[in-house]
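Every value quoted in this text rests on a predicted model; they were computed, and no experiment measured them. The sequence lines fix the lettering, A, B, ..., with proteins before strands; numbering per chain opens at 1.
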Protein chains: 2
Amino acid sequence: MDNHLPTLEDVAERAGVSTATVSRSLNAPDRVSAHTRDKVMAAVRELGYAPNFGAQALAAKRTNTFGAIIPTMENAIFARGLQAFQEELSREGITLLVASSSYSPELEEEQMRALVARGADALLLIGHDRTPECYAFLEHRQIPHVVAWTYDKTRARLSIGFDNRKAMKALADRVLDLGHRTIAMISAETAGNDRARERVEGVKDAIEASGLNPAALRLVETPYAIANGASAFEALMQGADRPTAVLCGNDVLAAGALSMARKLGIDVPGDVSITGFDDIEIAEIVTPPLTTVHVPHREMGRGAARLLVALRNGEDPGPSVELEARLEWRETLGVVCG
Amino acid sequence: MDNHLPTLEDVAERAGVSTATVSRSLNAPDRVSAHTRDKVMAAVRELGYAPNFGAQALAAKRTNTFGAIIPTMENAIFARGLQAFQEELSREGITLLVASSSYSPELEEEQMRALVARGADALLLIGHDRTPECYAFLEHRQIPHVVAWTYDKTRARLSIGFDNRKAMKALADRVLDLGHRTIAMISAETAGNDRARERVEGVKDAIEASGLNPAALRLVETPYAIANGASAFEALMQGADRPTAVLCGNDVLAAGALSMARKLGIDVPGDVSITGFDDIEIAEIVTPPLTTVHVPHREMGRGAARLLVALRNGEDPGPSVELEARLEWRETLGVVCG
DNA sequence: TCACGCAATGCAAGCGCTTACATTGCCAGG
DNA sequence: CCTGGCAATGTAAGCGCTTGCATTGCGTGA
């Protein structure tokens with residue numbers, strides 16, 4: 001059998017109209033009389049017609065596809081935000097393509113090209129750090145894009161997010177208030193990750209503000225993974241002069257730290273306090289539940305979608321938007337003891 | 001400025017060859033002399049040329065895009081498998097498009113159409129349960145597809161996965177061996193989810209095999225979410241005749257149950273045993289670490305990719321493949337205490 | 001009754017690429 | 001020196017859709 005999928009022309013013939021009319025019935029129904037539209041729709045149904053994506057993209061010069069490049073799909077940090085992003089886009093009839101860069105700048109550029117090659121009309125990017133080539137590419141191809149998950153008033157690029165540094169400082173202030181003086185931090189790798197870097201700076205800000213020497217902060221950098229949080233914590237607990245508080249750059253590292261604490265028989269927060277950042281689902285489940293910073297994932301996702309749609313439509317998206325991240329008090333942060 | 005992106009023709013002109021030669025240099029380099037190829041590549045670089053996706057898809061009648069429809073992106077059950085799927089595909093120069101159905105058959109059909117409309121050459125599907133319309137659509141459009149995350153020898157459709165029923169029976173056998181007689185189960189919703197259903201059947205199989213009445217199994221069905229696991233567990237603990245073991249259909253529900261146990265001051269596994277299924281990351285992190293069934297996520301993803309590529313290329317993919325799921329013994333399952 | 005305007009529809013030119021087929025030019029064998 | 005064969009390249013016909021512009025036909029006001 002000649003398994004020829006029905007084309008616009010087949011539909012047109014069946015409905016006894018021109019292809020232009022069929023196209024209009026589908027894409028701009030009010031430009032066609034009700035009677036004609038009904039005939040066309042009937043033909044569409046009978047034939048099981050579906051437009052050819054390639055042809056449509058080629059002719060219309062837009063794909064109604066947006067792309068998002070996130071650092072990782074593995075853990076759920078971006079899941080919630082992306083979900084909201086997606087929901088908002090689908091309201092506009094836009095499909096989302098997701099790619100992950102595995103926290104690698106080279107890979108990010110590659111993914112960016114791949115998404116654009118696949119016809120992405122606009123891009124959602126995470127954080128400000130990326131290669132000049134990436135930005136040059138965006139400029140050159142005039143790709144509408146917004147940066148999310150961070151807000152930095154010193155950057156001109158359109159973005160939506162919160163101030164990582166400020167949020168982390170607020171947490172660290174609290175830690176210091178509780179009397180902690182020997183503080184360590186387990187951070188995600190800061191190279192190519194402005195959010196991680198800002199969080200480290202936030203801690204230092206707090207330390208400095210309290211009159212201590214920020215250089216004294218014991219800092220371990222390690223890739224984003226539970227097991228790494230665990231081994232970093234273990235290393236931190238090895239030496240003499242143990243910290244009484246370990247601030248983690250994210251919940252995943254904190255979860256690892258927490259599990260290692262349990263394995264080592266270290267009581268949290270009795271012997272040492274541990275904090276996270278992000279407030280993803282595991283923060284509530286670990287034992288004890290993690291004190292962390294709640295990040296407005298959904299708002300960022302939704303807001304980013306709105307900015308991007310405006311941009312794509314040639315409208316004015318307005319200025320970058322700053323959201324609030326607030327302390328989520330649970331049970332892993334206590335006063336310093338003895 | 002006339003921001004005309006370079007086309008094949010521009011490249012051809014610059015390199016002093018025809019568009020056909022440029023196309024060939026890009027897609028079948030060995031059909032072109034080295035000298036010409038170099039000239040072309042130079043022109044491509046100078047112009048920053050990138051092929052137009054729509055045009056390419058239209059002319060070549062294939063997009064090199066595969067689609068995957070998973071029940072949810074929210075939690076990480078499918079993340080690892082999808083990651084492996086993706087890696088294998090990218091080796092073949094294929095891009096992955098992911099859509100989620102939120103466990104809704106109607107949405108699944110919609111997503112399926114959306115993916116195909118966007119040019120997906122082939123589809124990865126989870127589980128066997130879906131509407132007849134879905135299958136009719138796949139048949140009609142002749143979309144290559146494979147079913148993953150389950151293996152059922154009674155189904156003809158090409159699939160890769162493990163036998164959910166058998167795996168759960170093995171776990172339940174173990175539970176019974178440890179002396180548990182009052183058993184409850186918290187299952188994901190079984191409607192439209194053959195995997196969940198099979199897991200319930202597996203528990204019943206075990207109960208029956210041990211000479212007990214499977215009808216006595218206390219069964220709660222609830223949507224996939226930690227909080228639901230918690231409330232289901234709470235309900236189960238309310239009445240008299242508490243179960244001594246609560247088998248959960250997946251790790252997420254088990255994590256919820258576990259956290260509720262802690263809140264209620266119920267010792268696990270001292271007072272009651274809890275088990276999960278899937279062995280996702282949280283299984284290791286919760287306290288105590290969850291005894292569960294390890295599912296070969298990565299193998300399924302990789303294998304599915306291989307089957308699908310073969311299918312798309314018109315090769316023989318061979319028969320469905322059955323993988324093994326094995327018990328992952330941790331700390332939430334203990335002997336029944338009198 | 002006649003023109004005029006406007007809504008509905010048709011016509012046909014692309015959109016940028018792939019690829020079957022035609023052409024060219026070169027080399028080896030006779 | 002001629003010719004068949006083959007590798008390299010060119011020519012041009014679509015692929016299925018959108019859309020600017022042309023055409024049709026109707027209702028309306030003068």
Side-chain angles (χ1 to χ4, degrees), chain A residues 2-41 43-44 47-65 93 113 116-121 141, chain B residues 2-44 47-65 93 116-121 141:
Chain A
D2 178 27
N3 211 292
H4 188 64
L5 288 179
T7 70
L8 244 210
E9 200 173 344
D10 297 330
V11 177
E13 189 178 351
R14 175 142 195 156
V17 298
S18 73
T19 61
T21 299
V22 177
S23 175
R24 281 192 281 257
S25 304
L26 262 23
N27 302 318
D30 35 290
R31 298 201 43 209
V32 155
S33 74
H35 176 234
T36 310
R37 201 188 316 134
D38 292 348
K39 269 195 312 189
V40 170
M41 290 316 192
V44 165
L47 260 33
Y49 168 79
N52 174 301
F53 179 67
Q56 197 163 352
L58 179 57
K61 300 183 180 183
R62 73 146 66 167
T63 58
N64 282 319
T65 299
R113 287 180 186 280
V116 170
R118 302 202 53 69
D121 293 334
R141 302 283 296 244
Chain B
D2 177 27
N3 210 295
H4 186 65
L5 288 179
T7 69
L8 243 210
E9 200 172 344
D10 298 329
V11 177
E13 189 178 352
R14 175 143 197 156
V17 298
S18 72
T19 60
T21 300
V22 177
S23 175
R24 280 191 282 257
S25 304
L26 262 23
N27 303 318
D30 35 291
R31 297 199 45 208
V32 154
S33 75
H35 176 235
T36 309
R37 203 189 313 136
D38 292 347
K39 270 196 311 191
V40 171
M41 290 317 192
V44 165
L47 260 34
Y49 169 79
N52 174 300
F53 178 69
Q56 197 163 353
L58 179 57
K61 301 184 180 186
R62 70 146 67 167
T63 57
N64 281 322
T65 298
V116 170
R118 306 208 68 68
D121 293 333
R141 302 284 294 245

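- For B:N27, a side-chain nitrogen or oxygen approaches OP1 or OP2 of C:dT18 to under 4.0 Å.
- Taking atom CZ on A:R62 and atom C1' on D:dT19, their separation rounds to 14 Å, with Å as the unit.
- The side chain of B:S23 lies closest to C:dT19 when the candidates are D:dG16, C:dG16, C:dT19.
- Note: CG (A:N52) to P (C:dT18) measures 15 Å, nearest angstrom.
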> What do the steps show when you test A:R37 against A:T21 for side chain to side chain contact (heavy atoms under 4.5 Å, CB included), and what is the final call?
Replying inline: CA-CA 8 Å; A:R37 201 188 316 134; A:T21 299; over 6 Å; no

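- When the side-chain nitrogen and oxygen atoms of A:Q56 are compared with OP1 and OP2 of D:dG16, none of them lie within a distance under 4.0 Å.
- Here the CG atom belonging to B:D121 is positioned 6.5 Å from the OG1 atom belonging to B:T65, to the nearest 0.5 angstrom.
- For the atom pair B:R24 CZ and B:D30 CG, the distance stands at 12.0 Å (nearest 0.5 Å).
- No engagement by B:F53 is indicated, since no non-hydrogen atom pair under 4.0 Å with the nucleic acid exists.
- For B:L58 and D:dA13, the CG to P distance is 17 Å, given to the nearest whole Å.
- Within the model, atoms CD of B:E13 and CG of B:L47 stand 9.5 Å from one another, a figure rounded to the nearest 0.5 Å.
- Protein atom CG of A:L26 is 16 Å distant from nucleotide atom P of D:dG16, rounded to whole Å.
- Rounding to the nearest 0.5 Å gives a distance of 11.5 Å between CZ of A:F53 and CG of B:L58.
- The nearest whole Å value for the distance from the CG atom in B:D10 to the P atom in C:dC15 is 11 Å.
- Note: B:Y49 OH to B:L8 CG = 3.5 Å, rounded to the nearest 0.5 Å.
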Polar atom pairs between nucleotides 8-10 of chain D and protein, under 3.5 Å, N or O only, would you list them?
from   : atom 1 : to    : atom 2 : distance (Å)
D:dT9  : OP1    : B:S33 : OG     : 3.3
D:dT9  : OP1    : B:T36 : OG1    : 2.3
D:dT9  : OP2    : B:S33 : N      : 3.0
D:dT9  : OP2    : B:S33 : OG     : 3.4
D:dT9  : OP2    : B:T36 : OG1    : 3.2
D:dG10 : OP2    : B:S18 : N      : 2.8
D:dG10 : OP2    : B:S18 : OG     : 3.0
D:dG10 : OP2    : B:T21 : OG1    : 2.6
D:dG10 : N7     : B:R24 : NH2    : 2.8
D:dG10 : O6     : B:R24 : NH1    : 3.3
D:dG10 : O6     : B:R24 : NH2    : 3.4

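- When rounded to the nearest whole Å, the span between NZ of A:K61 and P of D:dT18 equals 14 Å.
- How far CD of A:E9 is from CZ of A:R14: 15.0 Å, rounded to the nearest 0.5 Å.
- A straight line from CD of A:E13 to P of D:dG16 spans 14 Å, rounded to a whole angstrom.
- Rounded to a whole Å, the CG atom of B:L8 is 7 Å from the C1' atom of C:dG16.
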